[in-house]
Amino acid sequence: MSTIEQEMVHAAEGGHHDDHELPFIRKYIFATDHKMIAKQFLFVSLFFLVIGGLLAMMMRWQLGYPGEPMPGGMMLPDAMMAPTPDGAIMLPEFYNSLVTMHGTIMIFFAIMPLLVGLFGNLLIPLQIGAEDMAFPRLNMISFWLAVPAGILMLASFAVEGGAAGSGWTSYAPLSASGEWTGVYLGQQLWLASLTILGFSSLVGAVNYITTVINMRAPGMTWFRMPLPTWALFVTAILILLAIPVLAGALIMLLFDQTIGTGFFRPEVGGEPLLWQHLFWFFGHPEVYILILPAMGIASEVLSNRARKPIFGYHSMVMAIIGIGFLGWIVWGHHMFMSGMNPLLGTSFMISTMAIAVPSAIKTFNWLATIWKGDLHLDSPMLYALAFVSMFIIGGLSGIFMASSPVDIYIHDTYFIVAHIHYVLFGGSLFAIFAGITFWFPKMFGRMMNETLNKVHFGLTIVLYNMVFWPMHNLGVQGMMRRIYDFTQYEYLAPLQPMNQFISISVFLLVAAQSVYAFNFFWSIFRGEKASNNPWDSNTLEWTVPSPPPHGNFPEMPVVYRGPYEYSSPESETDFYPQTKPPSKPPVQELIPEPVTPTPEGF
Amino acid sequence: MNWSWMLPPSFSTVSGDIDGIYMVILWITGIIFFITEALLFYFIFKYRHKEGRKAAYDHGSTKMEIAWTMVPLVIVLWISVVSKGVWDTVKVDVPPAGLEIIVTGKQFEWTVTYPGPDGALGTSDDFETLNELHAPEDEAVVITLRSEDVLHSFFLPEMRIKQDAVPGRDITVWFEAIQPGDYTIGCAELCGIGHTTMGGTLTVYTAADFQAWSSSQAQQQQP
């Protein structure tokens, strides 16, 4: 018996213990149950989402009202704010920290753990019919590495010199020595924190990949897997290959900072562009790590709520894999202006343009999925439709910067800021709202309040566009990003009203999230009790109680068909669960695969 | 508030081509944007749940998949081909220099070094300006871009020129202005606490005026 099999058997045995046998600390703190770990990631990421939002509000105060005293600013230390008789004015070094930490926290501590930590843990075992992850203890370690990483990141605000201030990309040499920024320990904590978080992601990725390959239930062939699981599987492969590159670069930069090596410091023979190559070789796959699971979630919700099979399941899977491959050869489009050989720019432009194609395939398939559907426009569907709508904008704006000559002008402007937020907020975060709302009953056994969700959706979609749409216009006017006081430039000074409009919209947008937060916590305790399958869904997680018991499946499920057989003529209802034996005598292709699933179906 | 998607006016020999590609992409993406969003809203309205509605049982169509793979592919490859020509003009094929200068970024200022009356850089009659770049119109100004400390990005928005300055590297960047006037120099790469103040002015003269300015500067800065 191989080690993996032994682990699996062990996990399976562990899974049959009853809940009440576990002491509090094993059930809620050092939990090994994938569902509990998913919830742990959920709560921690939501906390960081709030922190990231507050940082954005402070940043937007300075941009909307440059040099004016910030309300509540007197509560912050003098290292961040300059006290005046009228109130406290933000210091440029603190602004740079805000820019850096907003990006870092949102990407690494909010969106990534929500998509990968929450949905990866929650959905993979449940959707493939496994009792738990392949390595439950490794799973626990993954979460408990993320926690100290988060604490270190937050602690860096309190150290001398403040938090890291060289952007979430931490371009060397600015980041390689405190002499350029005045930030010594803050930058080192940033590097240490992300290195630890990288190990957390790596451990998680190994677990997801092993689980998907080895623990699929009988009949769960590769092409019967639900799309969120497909997306999370490809995402885990991207993490496995990308994070070591980042970790290497982070450690090299940490050595440059602390023990005087010169990997990226030109004064001792280092090469600043090496950092950019390493960072973006990780960083571009990272972009797809942040969008592929969102695409999977949106596909699931759209198909279910349209009561219609996903249009082009195979091409959806191929597009996920295609994006996963192409994602490795486009990193140079972040570096068109970096000083790398301009001939290289052309090849990166062509590969970048090519990656628009699988994105287009997915978009058209989503549109075709709702075409001739029976659309149940409840809140998960609204969030998923918003995802499609906003992803179209984010995808199309990407074409501008993919064209290297156009990028000459819009690179490092607010056009880029608009683009990334259309993909990461309009895309990923709306899909996260869809996913949390959709799987809330499975996680907590209760439904979220539909009215409050619709209020939240309405406010968020409007305010979100009021914030990020005009950023395109700012970029077109030439406003640079990461700039403390744009009014220093004469040609940018007339953009102040628009910046103020954006800032006010941000304050309202963040405030509107309290509706969701309230609904979330209220529904955990007071929401309407959920049945096993409130959305009439086909996939395996809806065949077990809400929330599922430890070990998930009382008996091994057997899978007879693909996950999106909605409105099938073979079924009396408009859904046809994957586990329901066929009513007609089985034809050849409906016979389940052998009991031990193998990767052969790939 | 300016909600326009039109680029502000530009004044270099390459800027018209760059703005042209921008407009082409704006049209293409604009049309796709309106069609896809309109379809989305139309489907949401038309197929919203009603009593008795039954969704079609439809798994897809290979023909349609091929269509919406090939059409976007052709469009983006065409954009790439058009873009490549302009990219090469701006970044690869540097024309013969009418004026050669050195621009050096350091926290938080731009130093511009001009050849003196002998027309050659690196000689004793070179002279400098701080946060000002003076150039003649209709001449290719070829810049050797350097940095003394961290990354900066030399940004001439009206000329549609942007290039990072990297310590340890000499990077060639060029532009040719087509109209005298005062324009903006910016730093587009976060370079530290004073990043926001790292601006300057590009002054473009007629050929004769530039000669006059250049000789007077050379005289004033004689050691």
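Residue numbers begin at 1 in each chain, while the letters A, B, ... track the order of the sequences. None of these values were measured; they are calculated from a predicted model.
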Worksheet item: Quick one: NZ on B/Lys54 to NZ on A/Lys308, what's the gap to the nearest 0.5 Å?
Response: 12.5 Å

Worksheet item: Tell me, side chain or backbone of B/Lys50 under 4.5 Å from chain A's heavy atoms, or both, or neither?
Response: backbone

Practice prompt. Kindly give the heavy-atom pair with the smallest separation between A/Arg481 and B/His195, and that separation in Å.
Written response: O-NE2, 4.4 Å

Worksheet item: When rounded to the nearest 0.5 angstrom, what distance separates CZ in A/Arg482 from OG1 in B/Thr196?
Response: 14.0 Å

Worksheet item: For A/Leu367, is it the side chain, the backbone, both, or neither that has a heavy atom closer than 4.5 Å to a heavy atom of chain B?
Response: both

Fill in: Nearest heavy-atom neighbours spanning B/Thr29 and A/Leu396
O-CD1, 3.5 Å

Worksheet item: A/Ile410 versus chain B, heavy atoms under 4.5 Å apart: side chain, backbone, both or neither?
Response: backbone

Practice prompt. Examine B/Tyr22 together with A/Phe400 and report whether their ring centres are nearer than 6.0 Å.
Written response: yes

Fill in: Spacing of A/Lys372 atom NZ and B/Arg53 atom CZ [to the nearest 0.5 Å]
12.0 Å

Discussion item. Heavy-atom pairs under 4.5 Å with chain A: which of B/Leu39, B/Asp58, B/Ile28 has the most?
Written reply: B/Asp58

Worksheet item: Which bit of A/Asn341 is near chain B, if near means a heavy-atom gap under 4.5 Å: side chain, backbone, both or neither?
Response: neither

Item to complete: Determine, step by step, whether A/Met337 and B/Glu189 satisfy the side-chain contact (heavy atoms from CB on, under 4.5 Å) criterion, reporting the C-alpha distance in whole Å, the side-chain angles of both residues, the deciding distance to 0.1 Å, and the verdict.
Response: CA-CA 10 Å; A/Met337 304 308 129; B/Glu189 185 72 69; over 6 Å; no

Worksheet item: For A/Gln496, is it the side chain, the backbone, both or neither that has a heavy atom under 4.5 Å from a heavy atom of chain B?
Response: neither

Discussion item. At a heavy-atom distance under 4.5 Å, which candidate from B/Asp19, B/Leu40, B/Ile171 has the highest pair count against chain A?
Written reply: B/Leu40

Item to complete: Below 4.5 Å from any heavy atom of chain B, which atoms of A/Ile310 appear? Answer side chain, backbone, both or neither.
Response: backbone

Worksheet item: Do B/Glu65 and A/Ser315 get their side chains close enough for a donor-acceptor pair, meaning under 3.5 Å?
Response: yes

Practice prompt. Measure the spacing between NZ of B/Lys91 and OG of A/Ser404 and express it to the nearest 0.5 Å.
Written response: 9.5 Å

Worksheet item: Which atoms form the tightest heavy-atom contact between A/Ile370 and B/Tyr47, and what is the distance?
Response: O-CD1, 3.7 Å

Worksheet item: Given a strict heavy-atom distance threshold of 4.5 Å, which part of A/Ala356 is in contact with chain B: side chain, backbone, both, or neither?
Response: side chain

Item to complete: Could you please spell out the steps behind the side-chain contact (heavy atoms from CB on, under 4.5 Å) verdict for B/Asn2 and A/Asn473?
Response: CA-CA 7 Å; B/Asn2 186 352; A/Asn473 307 100; over 6 Å; no

Worksheet entry | Proximity breakdown for B/Asp17 and chain A, heavy-atom pairs closer than 4.5 Å | neither

Discussion item. Given heavy-atom pairs under 4.5 angstrom as the criterion, report whether the side chain, backbone, both or neither of A/Asp485 touches chain B.
Written reply: both

Fill in: Part of B/Ile161 lying under 4.5 Å from any heavy atom of chain A
backbone

Worksheet item: Pick from B/Val90, B/Thr197, B/Ile79, B/Thr184: which one has the most heavy-atom pairs with chain A under 4.5 Å?
Response: B/Thr184

Practice prompt. State, to 0.1 Å, how close B/Leu151 and A/Pro173 come at their nearest heavy-atom pair, and which atoms those are.
Written response: N-CD, 3.9 Å

Discussion item. Ignoring hydrogens, what is the shortest heavy-atom contact between A/Ile408 and B/Arg160? Give both atom names and the distance.
Written reply: CG2-O, 3.2 Å

Worksheet item: Of all heavy-atom pairs between A/Met353 and B/Ser80, which one has the smallest distance, and what is that distance?
Response: CG-OG, 3.0 Å

Discussion item. Please classify the contact of A/Ala402 with chain B as side chain, backbone, both or neither, using a heavy-atom distance under 4.5 Å.
Written reply: neither

Practice prompt. Pick one of side chain, backbone, both or neither for B/Arg48, based on which atoms fall under 4.5 Å of a heavy atom in chain A.
Written response: both

Worksheet, complete the sentence: Applying a strict 4.5 Å limit to non-hydrogen atoms, the region of A/Tyr484 in contact with chain B is both

Item to complete: Would you kindly say whether A/Glu565 and B/Tyr57 are connected by a side-chain donor-acceptor distance under 3.5 Å?
Response: yes

Practice prompt. Give, as side chain, backbone, both or neither, the part of B/Ile35 having an atom under 4.5 angstrom from any heavy atom of chain A.
Written response: neither

Discussion item. Counting only non-hydrogen atoms closer than 4.5 Å, does B/Met159 touch chain A with its backbone (N, CA, C, O), its side chain (CB onward), both, or neither?
Written reply: neither

Response to the item:
The interface call for A/Pro272 against chain B, heavy-atom contacts under 4.5 Å, is side chain

Worksheet item: B/Ser15 versus chain A, heavy atoms under 4.5 Å apart: side chain, backbone, both or neither?
Response: neither

Fill in: Evaluation steps, side-chain contact (heavy atoms from CB on, under 4.5 Å), between A/Val406 and B/Ile25
CA-CA 9 Å; A/Val406 177; B/Ile25 297 176; 4.2 Å; yes

Item to complete: Mind ranking B/Pro72, B/Cys187, B/Gly194 by heavy-atom pairs under 4.5 Å with chain A and telling me who comes out on top?
Response: B/Cys187

Practice prompt. Evaluate the side-chain proximity of B/Glu37 to A/Ser389: yes if any heavy-atom separation is below 4.5 Å, no if none is.
Written response: yes

Worksheet item: Quick one: are A/Ile350 and B/Val76 in side-chain contact, heavy atoms under 4.5 Å?
Response: no

Practice prompt. For each of B/Leu190, B/Val86, B/Ile18, tally heavy-atom pairs with chain A at distances under 4.5 Å, and name the one with the top tally.
Written response: B/Leu190

Item to complete: May I ask you to check whether A/Trp371 and B/Tyr42 place their ring centers less than 6.0 Å from one another?
Response: no

Practice prompt. Report the relative orientation of the aromatic rings in B/Trp68 and A/Phe364; use parallel for angles under 30°, tilted for 30 to 60°, perpendicular for over 60°.
Written response: parallel

Worksheet item: Measuring from B/Asp182:CG to A/Glu490:CD, what's the distance to the nearest 0.5 Å?
Response: 9.0 Å

Practice prompt. Check the pair B/Trp3, A/Phe501 against ring pair (Phe, Tyr, Trp, His ring centres under 6.0 Å), reporting the backbone distance first and the verdict last.
Written response: CA-CA 12 Å; B/Trp3 293 85; A/Phe501 173 83; 5.6 Å; yes

Worksheet item: What class does the angle between the rings of B/Phe33 and A/Trp469 fall in, given that below 30° is parallel, 30 to 60° is tilted and above 60° is perpendicular?
Response: tilted

Item to complete: For chain A, find which of B/Leu145, B/Leu77, B/Val150 contributes the most heavy-atom pairs closer than 4.5 angstrom.
Response: B/Val150

Practice prompt. Sort A/Ser568 into side chain, backbone, both or neither according to what part of it lies under 4.5 angstrom from a heavy atom of chain B.
Written response: both

Practice prompt. Heavy-atom distances under 4.5 Å only: say whether A/Phe94 touches chain B with side chain, backbone, both or neither.
Written response: neither

Practice prompt. Applying side-chain contact (heavy atoms from CB on, under 4.5 Å), run through A/Phe336 and B/Trp87 and close with a yes or a no.
Written response: CA-CA 10 Å; A/Phe336 285 148; B/Trp87 174 254; 4.1 Å; yes

